[in-house]
Amino acid sequence: MLLFTPGPTPVPESVRQAMATPTLHHRTPEFEAIFKEARERLLKLYGMDECVMLASTGTGAMQACVVNLCEKKALTINAGKFGERFGKIVESMGKELVELKYEWDTPAKIEDVKEALAANPDIDAFFVQVSESAGGLRHPVEEIAAYIKSVNPAIMVVADGITAVGVEPIEVTNIDALVTGSQKALMLPPGLAMIGLSSAAVEKIGKGKDYYFNLASEIKKQQQNTTAYTAATTLIIGLNAIFDEIDKEGLDALFEATAKRAKATQAALEAIGFEMYPQTPALSMSTVFDEDAEPIRKLLKTKYGVNMAGGQDHLKGKIFRINQMGLIPVYESAWVVNSIELALDELGRRPFDGTASRVFNQTYFKA
Ligand SMILES: *Cc1c(COP(=O)(O)O)cnc(C)c1O
C-alpha cells in the first residue's frame with residue numbers, strides 16, 4: 001500500500017534502519033554528540049536564532065508557543081481544523097482570543113488582520129498555519145507577518161509550519177516561532193516536535209512558563225546538547241538520518257521536486273476534470289473537491305493500493321488530499337493520478353484514456 005496521506009508520511013528505509021540500533025542512554029556523551037548534530041542541522045533548516053526539540057506531537061509545540069509567547073491576548077487565523085486548534089489552546093490556557101474565521105478554502109487577508117489589531121491594541125501574539133492541512137490551503141504568512149511587525153514589533157508571530165517546513169523555503173525574517181512535527185515533511189514517526197525561535201522570542205520567553213513545556217528550561221538545557229526530560233532519543237537519531245537522506249541531493253532539490261510533483265499532480269487532475277479545493281493551494285498536498293471523493297478514495301485503497309486522506313467536519317466525503325511532502329519517488333505520484341483516472345472510469349464518469357499520467361509526466365519532466 002502506498003501511503004499518500006499528508007501525515008503521517010512514509011519513513012525511508014535507511015531511517016528505519018538507523019532507528020533500529022540499540023538503545024542509548026540520553027545522559028551520555030554519545031547521545032549528546034548526536035543531539036548536537038541534530039540541533040545544528042535543525043538550526044540550519046530553520047535559518048533562525050534558536051530551536052528546541054520536544055518529546056510530543058506537533059500540538060504540544062503549538063501549546064508550548066501559546067503558553068510561553070502569549071501573555072494576554074492572542075489573534076488567531078481559523079481556516080481549518082489546525083487554526084481552530086490554536087484558538088482552543090488559547091482559551092484552555094485562560095488567555096483572551098480574537099479569532100479571524102474563514103471558509104477552509106480561503107486564505108487569511110491582511111485587511112482583516114489590520115482591523116483586528118486596530119480594534120485590539122493589547123494583542124501580543126499572532127498564530128497562523130503556513131499550510132492549513134484541513135483544506136490544503138497556503139496562507140500569505142510572510143506578508144501578514146511583515147505587516148504585523150510594521151505595526152508593533154513586540155507582537156510575537158507564531159507560524160505552524162508542520163506541513164510547510166521541509167516543503168518549501170519559508171521567509172522567517174518576521175517570524176518568531178516556527179513549529180514543526182516529525183511525521184509530516186520530515187518523514188519520521190510521530191512523537192517529536194520542533195520549534196525554530198527568533199532571539200526576540202527567546203527574550204520574551206524569559207524565565208518561561210508551564211512545567212513540561214517550559215521553553216526557557218528547554219533552551220538552557222538544549223544549548224548544552226541535552227534536554228530537560230528524557231529526550232526522544234530514537235526519533236532524534238532518525239532526524240539525523242533524515243538529514244543524511246535530504247543532503248544526498250540537497251534541500252533545494254527536495255523543495256524543487258516537491259513543487260514539481262505538486263504542480264504535475266494538479267495539472268493531471270485538472271486535465272481529467274477535477275477542481276482543486278483551496279483558492280491558494282499549498283505545496284504540501286493536493287486537495288480536490290469532489291462529490292465522489294469517498295468512492296474514489298475507496299477504489300484507490302481497495303483496488304490500486306493507494307491510501308489518500310479524506311476531509312473532516314463539513315468537508316467529510318467532499319474532498320480528498322494527496323500528500324506531496326517528503327522524498328516521494330516520482331513514479332509513485334504518477335501511479336496515484338493514473339489510479340484516480342481509472343476510478344473515474346469505474347464510476348462511469350469519464351472513459352479512461354491515460355490523460356492523467358500523460359499530463360503528469362509531461363508537466364513533471366518537460367514543462
Ligand atoms: C498534523 C498537524 C498538526 C499537529 O498534529 P499532531 O497530531 O499534534 O502532530 C498541526 N498543524 C498542522 C498544520 C498539521 O498538519
Side-chain angles (χ1 to χ4, degrees), residues 3-11 46 52-67 69 74 76-90 92-93 99 101-102 104-108 126-141 144-145 157-168 170 175 177-196 212-213 232 235 238-239 242 258 262 277-278 280-287 307-313 315 319-326:
L3 181 61
F4 262 85
T5 55
T9 56
V11 181
Y46 280 127
V52 286
M53 291 175 246
L54 302 167
S56 90
T57 73
T59 305
M62 292 166 75
Q63 179 168 330
C65 287
V66 172
V67 183
L69 291 171
T76 66
I77 300 295
N78 173 359
K81 271 272 172 238
F82 296 101
E84 176 188 67
R85 187 171 299 177
F86 264 138
K88 286 183 172 172
I89 295 170
V90 166
S92 77
M93 299 283 114
E99 183 182 68
K101 216 168 166 183
Y102 298 89
W104 292 12
D105 65 345
T106 308
F126 172 71
F127 299 87
V128 65
Q129 273 59 43
V130 180
S131 151
E132 167 55 79
S133 314
L137 173 73
R138 176 67 155 92
H139 283 301
V141 171
I144 295 176
V157 173
V158 178
D160 168 358
I162 294 180
T163 50
V165 175
V167 171
E168 56 173 321
I170 298 164
I175 293 176
L178 186 55
V179 173
T180 317
S182 50
Q183 79 274 28
K184 309 273 171 90
L186 294 177
M187 299 166 269
L188 288 167
L192 183 69
M194 294 141 276
I195 313 173
Y212 186 68
F213 289 129
L235 288 165
L239 183 60
I242 280 291
T258 305
Y277 173 69
T280 49
L283 294 171
S284 53
M285 66 197 77
S286 305
T287 305
N307 188 1
M308 308 191 293
Q312 292 170 286
D313 293 0
L315 291 182
I319 59 167
F320 59 86
R321 295 174 294 155
I322 305 167
N323 177 50
Q324 302 295 353
M325 293 178 281

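As the structure lists them, so they are numbered: ligands from 1, and atoms in each ligand from 1. For the numbers below, each heavy atom of this structure counts, side chains included, while hydrogens, waters and symmetry mates do not. Sequential numbering from 1 along the given sequence is applied to the chain's residues.
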Logged contact type for T59 with ligand 1, heavy-atom cut-off 4.0 Å, is both
Query - Donor-acceptor pair, side chain of T163 and main chain of S131, under 3.5 angstrom - result: yes
Between the OG1 atom in T57 and the CE atom in M62, the distance rounded to the nearest 0.5 Å is 9.0 Å
### Query
Does any donor atom in the side chain of E168 or T258 lie under 3.5 Å from an acceptor atom in the other side chain?
no
Heavy atoms from other residues, nucleotides or ligands near NZ of K81 exceed 12 (cutoff 6.0 Å) = yes
Within 4.0 Å of some non-hydrogen atom of M62, the atoms of ligand 1 are 10 (C)
For D105 and L137 the tightest heavy-atom approach is O-CD1, 3.5 Å
For S133, the atoms of ligand 1 under 4.0 Å from one of its heavy atoms are 12 (C), 13 (C), 14 (C), 15 (O)
Quick note on ligand 1: atoms under 4.0 Å from a heavy atom of Q183 include exactly 6 (P), 7 (O), 9 (O)
Note to self: When you measure from the heavy atoms of E132 to every atom of ligand 1, does any distance fall below 4.0 Å?
What the structure shows: no
min-distance protein heavy atom vs atom 1 (C) of ligand 1 -> K184 NZ, 1.4 Å
Residue, atom and distance of the protein heavy atom nearest atom 4 (C) of ligand 1 read I162 CD1, 3.6 Å
R85 heavy atoms within 4.0 Å reach ligand 1 at atoms 5 (O), 8 (O)
**Asked** S131: heavy atom below 4.0 Å from ligand 1, yes or no?
**Response** yes
*asked:* Within the 4.5 Å heavy-atom criterion, are L3 and T9 side-chain neighbours or not?
replied: no
